[in-house]
J.: 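Quick one: the structure is below, questions incoming.
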Amino acid sequence: MGALKSLVSFYTIFHMNITQEDMDAMETRFHLTPLVGVIFGTLLLLESALLVWLFREYGFGSGMATAVLMLLTVYAGSKFLHFDGLTDFGDGMIVSGQQSDHIRALKDTLVGAGGIGVAMITVLCSVAFYSMYGNDAVILLAFPVIEVFVKHAMVVAAANGKPGKGMAARQVERTTGRSAILSLVISFIAFAILSALGAVLMNTLFDVEYDFAIKTAAIFLAVGFIVSTIMGLVMSRTANRVFGMVNGDILGATNEVTRPFLAFFLFLAFRIALELSVI
C-alpha cells in the first residue's frame with residue numbers, strides 16, 4: 001500500500017501524505033505502476049460514456065472534441081509530469097555532439113526547439129489517432145485501457161534501462177525482468193476491470209452486445225501488450241545508446257510516446273477485425 005500511495009501521489013494530482021518508507025517501497029515495487037492507469041482509465045471511461053451518450057442523443061460533440069478532452073484529462077491529471085519528460089527527451093535527442101552533450105540538453109531546465117517539436121508531433125499524432133474513433137461506443141474500451149498499457153511501457157523501459165543519477169535512478173536499478181512480468185500480470189488485472197466496466201456501460205447505455213465487447217477487448221489486450229512492450233524496449237534501448245541511461249525524463253517520455261502508437265494500432269486492429277467479421 002505504501003508503494004501504491006507513492007505512485008498515486010507522484011504520478012497524479014491526488015496528493016497523499018507519504019513517508020520515506022513509502023517512497024522506498026515504490027522504488028522496489030515499480031511493477032505496480034499500471035494500477036495508476038486504472039485511476040485515469042476510470043475517469044476516461046466515465047467521460048467517454050457521457051460524451052458518446054450526448055452525441056447519440058443530442059448530436060452534441062465531435063470526435064475531435066472527444067479526443068482533446070480525453071488527452072486534457074490525462075495531461076492535467078498527471079500534472080503534465082510525463083509531458084515535461086517528453087520535452088526534455090526531445091531536446092536531448094535532437095542536440096548534436098557527444099553523449100555528454102545529449103545528457104546536458106536532457107537535463108537543461110529550458111525547453112528548446114527539439115523539445116517543442118517532439119512534444120508537438122506527439123500531441124498532434126495523439127489527437128489525430130484518437131479522433132479516428134469518432135464517438136463510437138468502442139472508445140469506452142479503447143481509451144481507458146490505453147492508460148494501463150502506457151504505464152506498462154514505463155515498467156518495461158525501466159526494466160531494460162541502465163540507471164543514471166537522479167530521482168528515478170533507484171527505480172530503474174531495482175526494476176528487473178521479473179518486474180516486467182509482474183507488470184504484465186497486473187496490467188491484465190487492470191485491463192480486465194476496466195474492460196468489464198466498459199462492456200457493462202456499452203450494453204446498458206448503447207445496447208452493444210457483450211459478445212462484441214468481449215471479442216473487441218480480447219483484440220485490444222493482445223495488441224496492447226505487444227505494442228506497449230515493444231515501445232518500452234525501443235525507448236529504453238534508444239536512451240541507453242544516446243544517454244547511457246534511463247532516467248525519470250525517459251520514463252515520462254515513454255508514457256507519452258507510447259500513447260499515440262497504442263491509439264493507432266488498437267484502431268487498426270479493430271477495423272481489420274470488423275472487415276474480416278472476427279467481431
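The model shown is predicted, which means the values in this text are computed figures rather than measured ones. Sequential numbering from 1 along the given sequence is applied to the chain's residues.
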J.: With side chains defined as the heavy atoms from C-beta onward, is the minimum distance between F270 and I279 less than 4.5 Å?
T.: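 Yes, side chains in contact.
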J.: May I ask you to decide whether R170 forms a salt bridge with E173, counting only side-chain N to carboxylate O separations under 4.0 Å?
T.: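 Looking at R170 and E173, the cut-off is not met.
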J.: Evaluate the criterion side chain to side chain contact (heavy atoms under 4.5 Å, CB included) for residue pair F83 and S78; output intermediate values, then yes/no.
T.: CA-CA 9 Å; F83 191 83; S78 63; over 6 Å; no
J.: Please say yes or no: joined through hydrophobic side-chain contacts below 4.5 Å, possibly via intermediate residues, are V155 and I181 part of one cluster?
T.: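 Hydrophobic grouping puts V155 apart from I181.
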J.: With heavy-atom distances below 4.5 Å as the criterion, would you say the side chains of M245 and I103 are in contact?
T.: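 SC-SC contact between M245 and I103 confirmed.
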J.: Atom OG1 of T258 and atom NE2 of H82: how far apart are they, to the nearest 0.5 Å?
T.: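 Rounded to the nearest 0.5 Å, the OG1-NE2 separation comes to 11.0 Å.
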J.: Determine whether more than 12 heavy atoms belonging to other residues, nucleotides or ligands lie under 6.0 Å from atom CZ of R56.
T.: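 Result for CZ/R56: enclosed.
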J.: Any donor-acceptor pair under 3.5 Å linking the side chain of T12 with the backbone of S9?
T.: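 Here the side-chain-to-backbone pair does not exist.
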J.: Could you see if I272 belongs to whatever hydrophobic cluster contains L262? Use Ile, Leu, Val, Met, Phe, Trp, Tyr and a side-chain cutoff under 4.5 Å.
T.: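 Yes: a chain of side-chain contacts under 4.5 Å links I272 to L262.
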J.: Could you tell me if the side chain of K107 sits less than 4.5 Å from the side chain of T109, heavy atoms only?
T.: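 When only atoms from C-beta onward are counted, K107 and T109 do not touch, as no gap falls below 4.5 Å.
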J.: Quick one: CG on L221 to CD1 on I214, what's the gap to the nearest 0.5 Å?
T.: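 With rounding to 0.5 Å, CG (L221) is 13.0 Å from CD1 (I214).
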J.: Show your reasoning for whether ring pair (Phe, Tyr, Trp, His ring centres under 6.0 Å) applies to F129 and F267.
T.: CA-CA 8 Å; F129 297 153; F267 183 78; 9.3 Å; no
J.: Can you confirm whether Q98 is buried at CD, in the sense that more than 12 heavy atoms of other residues, nucleotides or ligands lie under 6.0 Å from that atom?
T.: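 Counting other residues, nucleotides and ligands, CD of Q98 stays at 12 neighbours or fewer.
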J.: Can you pull out every ring pair (Phe, Tyr, Trp, His ring centres under 6.0 Å) where at least one residue sits in residues 195-242? Sequence neighbours excluded, please.
T.: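 The answer is F149-F225.
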J.: Find the distance between CE (M23) and NZ (K5) and round it off to the nearest 0.5 Å.
T.: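 Reported value, rounded in 0.5 Å steps: 12.5 Å.
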J.: Measure the spacing between CZ of R241 and NE2 of H102 and express it to the nearest 0.5 Å.
T.: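 Here the interatomic distance stands at 8.5 Å.
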J.: Sort out for me which residue in I146, T254, I186, V36 forms a side-chain contact (heavy atoms from CB on, under 4.5 Å) with K151.
T.: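 Going through the options one by one, the only one that passes is V36.
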J.: Which atom names give the shortest non-hydrogen contact between T87 and A119, and what distance separates them?
T.: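 So the minimum-distance heavy-atom pair works out to CG2-CB, 3.8 Å.
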J.: Quick check on the hydrophobic clustering: are V74 and Y11 connected, directly or via other members, by side-chain heavy-atom contacts under 4.5 Å?
T.: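 The answer is yes; both residues are in one hydrophobic cluster.
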J.: Are the side chains of V111 and I116 in contact, using a 4.5 Å heavy-atom criterion?
T.: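 Yes, side chains in contact.
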J.: If Ile, Leu, Val, Met, Phe, Trp and Tyr residues are connected whenever their side-chain heavy atoms lie under 4.5 Å apart, and connections chain through other members, are L54 and L46 in the same group?
T.: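 Cluster IDs for L54 and L46 differ.
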J.: Under 3.5 Å, is there a donor-acceptor pair between the side chain of Y133 and the main chain of T66?
T.: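 No; judged by distance alone, with no hydrogens or angles, the pair does not exist.
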J.: Are V172 and N247 side-chain neighbours, meaning at least one heavy-atom pair lies under 4.5 Å?
T.: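 Answer no - side chains too far apart.
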J.: Where the side chain of D91 meets the backbone of A105, is there a donor-acceptor pair that is under 3.5 Å apart?
T.: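 Checked: no pair found.
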J.: Looking at A137 and V208, what are the two nearest heavy atoms and their distance?
T.: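 In this case the closest contact between A137 and V208 is CB-CG2, 4.2 Å.
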J.: Using every non-hydrogen atom in the two residues, find where M231 and V257 come nearest and quote the distance to one decimal.
T.: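 In terms of heavy atoms, the two residues are closest at CE-CG1, 3.6 Å.
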J.: Can you see which heavy atom on M154 is nearest to which on F30, and at what distance?
T.: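 Result for this residue pair: O-CE2, 3.9 Å.
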J.: Closest approach of F191 and A217, non-hydrogen atoms and distance?
T.: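 Heavy atoms of F191 and A217 come nearest at CZ-O, 2.9 Å.
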J.: I'd like to know if the side chain of S183 and the backbone of S179 have a donor-acceptor N/O pair within less than 3.5 Å.
T.: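 No, S183 side chain to S179 backbone: no donor-acceptor pair under 3.5 Å.
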J.: Where the side chain of D136 meets the backbone of I139, is there a donor-acceptor pair that is under 3.5 Å apart?
T.: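 No, because the side chain of D136 does not come within donor-acceptor range (under 3.5 Å) of the backbone of I139.
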J.: A side-chain contact here means heavy atoms from C-beta on lying under 4.5 Å apart; do Y75 and L72 qualify?
T.: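 Contact flag for Y75/L72 side chains = no.
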J.: Looking only at atom types and distance, does a side-chain atom of S195 sit under 3.5 Å from a main-chain N or O of A192, one as donor and one as acceptor?
T.: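 No; zero donor-acceptor contacts below 3.5 Å.
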J.: Please find the pair of heavy atoms, one from A49 and one from L205, that lie closest to each other, and give the distance.
T.: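 Closest approach of A49 to L205: CB-CD1, 4.1 Å.
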J.: Evaluate side chain to side chain contact (heavy atoms under 4.5 Å, CB included) for L184 paired with H152, printing each intermediate quantity in order.
T.: CA-CA 7 Å; L184 276 174; H152 171 65; 3.5 Å; yes
J.: Is the distance between the ring centroids of Y130 and F143 under 6.0 Å?
T.: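 They qualify: ring centres under 6.0 Å apart.
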J.: For the pair V38 and T42, evaluate side chain to side chain contact (heavy atoms under 4.5 Å, CB included) and give the outcome as yes or no after the intermediate values.
T.: CA-CA 6 Å; V38 176; T42 302; 4.0 Å; yes
J.: Verify whether one side chain among D22 and S6 offers a donor that lies under 3.5 Å from an acceptor in the other.
T.: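 The criterion, which ignores hydrogens and geometry beyond distance, is not satisfied for S6 and D22.
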J.: Check the side chains of H31 and T175 for a donor-acceptor pair under 3.5 angstrom, ignoring hydrogens and angles.
T.: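 No, H31 and T175 have no side-chain donor paired with an acceptor closer than 3.5 Å.
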J.: Rounded to the nearest 0.5 Å, what separation is found between the CD1 atom of I39 and the CG atom of L4?
T.: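 I39 atom CD1 to L4 atom CG measures 7.0 Å (nearest 0.5 Å).
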J.: Just verifying a value: how many Å separate L194 CG and L44 CG, rounded to the nearest 0.5 Å?
T.: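 Those atoms lie 9.5 Å apart.
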J.: Could you tell me whether the side chain of S236 and the main chain of L233 form a donor-acceptor pair under 3.5 Å?
T.: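 Present.
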J.: Measure from the side-chain N and O atoms of N240 to the backbone N and O of N160, and report whether any donor-acceptor pair falls under 3.5 Å.
T.: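 Checked: pair present.
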J.: Should the heavy atoms of other residues, nucleotides or ligands under 6.0 Å from CD of Q99 be counted, would the total exceed 12?
T.: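 Enclosed.
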J.: Would you say S48's side chain and L45's backbone share a donor-acceptor pair under 3.5 angstrom?
T.: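 At least one qualifying donor-acceptor pair exists.
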J.: Are L251 and V246 side-chain neighbours, meaning at least one heavy-atom pair lies under 4.5 Å?
T.: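 They are in side-chain contact.
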J.: Is a salt bridge present between R104 and D108, judged by a nitrogen-to-oxygen distance below 4.0 Å?
T.: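 Here R104 does not pair with D108 in a salt bridge, since their nearest N and O are not under 4.0 Å apart.
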J.: Treat each ILVMFWY residue as a node, draw an edge where side-chain heavy atoms are under 4.5 Å apart, and state whether F80 and V118 are in one component.
T.: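 Result: yes, single cluster for both.
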J.: How about P260 and T122: do any of their side-chain heavy atoms sit closer than 4.5 Å?
T.: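 Yes, side chains in contact.
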